[in-house]
Amino acid sequence: MAPRKIALLTDSCADLSPQLAEENHIHVVPLHIRCADGEYRDGVDIHPADIYARLRSGELPKTSLPAGEDITGAFDRIAAEGYDGVIAVMLSSGLSGTYNMTRLLAEERRDLEIKVYDSVSGALGMGMTLLQLAEDLRSGASWRELTHRRVPYLIQSTFPFFSVDTLEYLLKGGRIGKVTAMAGTMLQIKPLITFAPDGQLQSIAKVRGRRQVQDKLIDLVVKSCGSHKKYNLAVANGGAPEEMAQLKEKLKAALPHYDHVWEGEIDGTLSVYIGSGVLGAAVQVLD
């Protein structure tokens, strides 16, 4: 029997505001962040602004997986709410063991049918996949259609890009991946990054100075959209809300035929590695 009532699950790196998560019935498991004064849950008792303040003061927090009981607890709540199926889309396995841990815990459940997916992405790339799935569920999509076709399609058709103000924290946190650490600080070189096919971060472009960042992000999104006529857009920021508002208007002007345009704030976990002053833009192709 295919599940009849389907829940969506993700982790705090999907950058969904509590309001968006609630409106769309998306369950969120927090990653953990270890600081000098103890361990916190991302998006629950620590937020990006706290991370920026700690980074500025010279502290380098460490990130860790969700607690097993947080994932099990989410499954328990989902079952208690009368769901019999779960679609879980988790942070890129190239950055974190969250996907693997969720998959292993899902295998232990007899009361729920659970499909766990590696988003090979993070932040707005993950968030928009979940928001589109919520939309698909509202329009009556079946378990088979979602798990066999729709989720894999959305994951491979979502293209997020980020500007990073400094590579210092990616280097220190050991998440530099395929990002080339160019000697850019003197020249005000700003790298733009995306996710490689294996889910690690990789450099995709670089610009000189913050002013060119927005235009380059739009350029990358427009290229990824290509000649597609049906798509969603998203923007995000880490400590740069005014710039995000400008970016959103420019993006809407460049690609005016979007179904949705969503916005988010970069989560605490990713902020540990990319610092503040971050802008993100993404397109998700639907046709």
Side-chain angles (χ1 to χ4, degrees), residues 8-17 20-21 24 26 28-31 42-43 63 65-66 87-103 115-136 146-147 150-164 170 175-179 191-205 217 220-221 223-225 228 231-238 251 260-274 278-286:
L8 296 174
L9 176 71
T10 189
D11 57 64
S12 55
C13 293
D15 296 356
L16 295 169
S17 67
L20 264 182
N24 290 280
I26 298 166
V28 181
V29 172
L31 270 78
D42 186 8
T63 60
L65 301 182
I87 292 173
V89 180
M90 312 309 280
L91 176 61
S92 169
S93 64
L95 289 183
S96 163
T98 304
Y99 155 73
N100 235 347
M101 184 182 194
T102 308
R103 193 178 55 76
K115 280 280 207 205
V116 186
Y117 295 87
D118 179 353
S119 69
V120 206
S121 184
L124 66 172
M126 274 166 84
M128 64 199 303
T129 296
L130 286 142
L131 291 169
Q132 181 56 49
L133 289 172
E135 190 94 341
D136 295 340
L146 289 170
T147 56
R150 187 60 158 176
V151 185
Y153 177 79
L154 288 175
I155 287 172
Q156 69 181 39
S157 309
T158 303
F159 305 97
F161 303 97
F162 307 89
S163 71
V164 183
L170 272 172
R175 290 297 195 288
I176 198 82
K178 300 173 162 61
V179 179
L192 283 94
I193 58 177
T194 188
F195 286 88
D198 67 357
Q200 289 191 59
L201 295 173
Q202 72 172 12
S203 310
I204 185 133
L217 282 170
L220 289 165
V221 169
K223 272 203 184 74
S224 299
C225 190
H228 292 281
Y231 49 85
N232 292 324
L233 301 173
V235 291
N237 84 99
L251 192 58
H260 295 280
V261 57
W262 289 303
E263 56 181 68
E265 184 183 19
I266 303 285
D267 55 275
T269 298
L270 291 173
S271 297
V272 167
Y273 300 109
I274 56 183
V278 173
L279 287 173
V283 62
Q284 180 174 67
V285 173
L286 299 170

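Keep in mind it's a predicted model, so treat the numbers as computed, not measured.
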Report yes if the side chains of V164 and Y273 come closer than 4.5 Å at any heavy-atom pair, otherwise no. no

Any side-chain donor-acceptor pair under 3.5 Å between T129 and Y117? no

Within the 4.5 Å heavy-atom criterion, are L279 and V235 side-chain neighbours or not? no

Side chains of L31 and C13, heavy atoms from C-beta outward: is any pair under 4.5 Å? yes

After noting the C-alpha distance and the side-chain angles of K115 and V151, does the key distance pass the side-chain contact (heavy atoms from CB on, under 4.5 Å) rule? CA-CA 10 Å; K115 280 280 207 205; V151 185; over 6 Å; no

Take N232 and W262 through the side-chain contact (heavy atoms from CB on, under 4.5 Å) test and state the conclusion after the steps. CA-CA 8 Å; N232 292 324; W262 289 303; 3.6 Å; yes

Taking all atoms of both residues into account, what is the closest heavy-atom pair of F162 and G280, and its distance? CD2-CA, 4.1 Å

Atom of P160, atom of T194 and distance for their closest heavy-atom approach: O-OG1, 2.7 Å

Under the 3.5 angstrom rule, does the side chain of T10 hit a backbone N or O of V89 as a donor-acceptor pair? yes

Atom of G125, atom of T158 and distance for their closest heavy-atom approach: O-CG2, 3.6 Å

I26 side, atom CD1; L9 side, atom CG - distance, nearest 0.5 Å: 10.0 Å

Should L146 and L133 be marked as a side-chain contact (heavy atoms from CB on, under 4.5 Å) after you check the CA-CA gap, both sets of side-chain angles, and the distance that decides it? CA-CA 8 Å; L146 289 170; L133 289 172; 4.0 Å; yes

Less than 4.5 Å apart, side chain to side chain, heavy atoms only: is that true for L201 and F195? yes

Run the side-chain contact (heavy atoms from CB on, under 4.5 Å) test on Q132 and R150 for me, step by step, so that the C-alpha distance in whole Å, both residues' side-chain angles and the decisive distance to 0.1 Å come before the verdict. CA-CA 10 Å; Q132 181 56 49; R150 187 60 158 176; 3.2 Å; yes

Interatomic spacing from CG in L130 to CG in N24 - rounded to 0.5 Å: 9.0 Å

Flag side-chain contact, heavy atom, 4.5 Å: D118 against R103: no

Report the distance from atom CD1 of I266 to atom CG of L124, rounding to the nearest 0.5 Å. 6.5 Å

Rounded to the nearest 0.5 Å, how far apart are CG of L233 and CD of E263? 12.0 Å

Identify the heavy atoms of A196 and Q202 that sit nearest to each other, and give their distance. CB-OE1, 3.4 Å

Is it true that T269 and D42 share a donor-acceptor pair across their side chains at a distance under 3.5 Å? yes

Under the 3.5 angstrom rule, does the side chain of D15 hit a backbone N or O of G264 as a donor-acceptor pair? no

Minimum side-chain heavy-atom gap P66-T98 below 4.5 Å: yes

Distance in Å, D267 CG paired with I274 CD1, rounded so as to fall on 0.5 Å steps: 7.5 Å

Working to the nearest 0.5 angstrom, can you tell me the gap between M128 CE and S119 OG? 13.0 Å

Which heavy atom of S96 sits nearest a heavy atom of L91, and at what distance? CB-CD2, 3.5 Å

Can you name the closest pair of heavy atoms from S224 and F161 and give their distance? OG-CZ, 3.3 Å

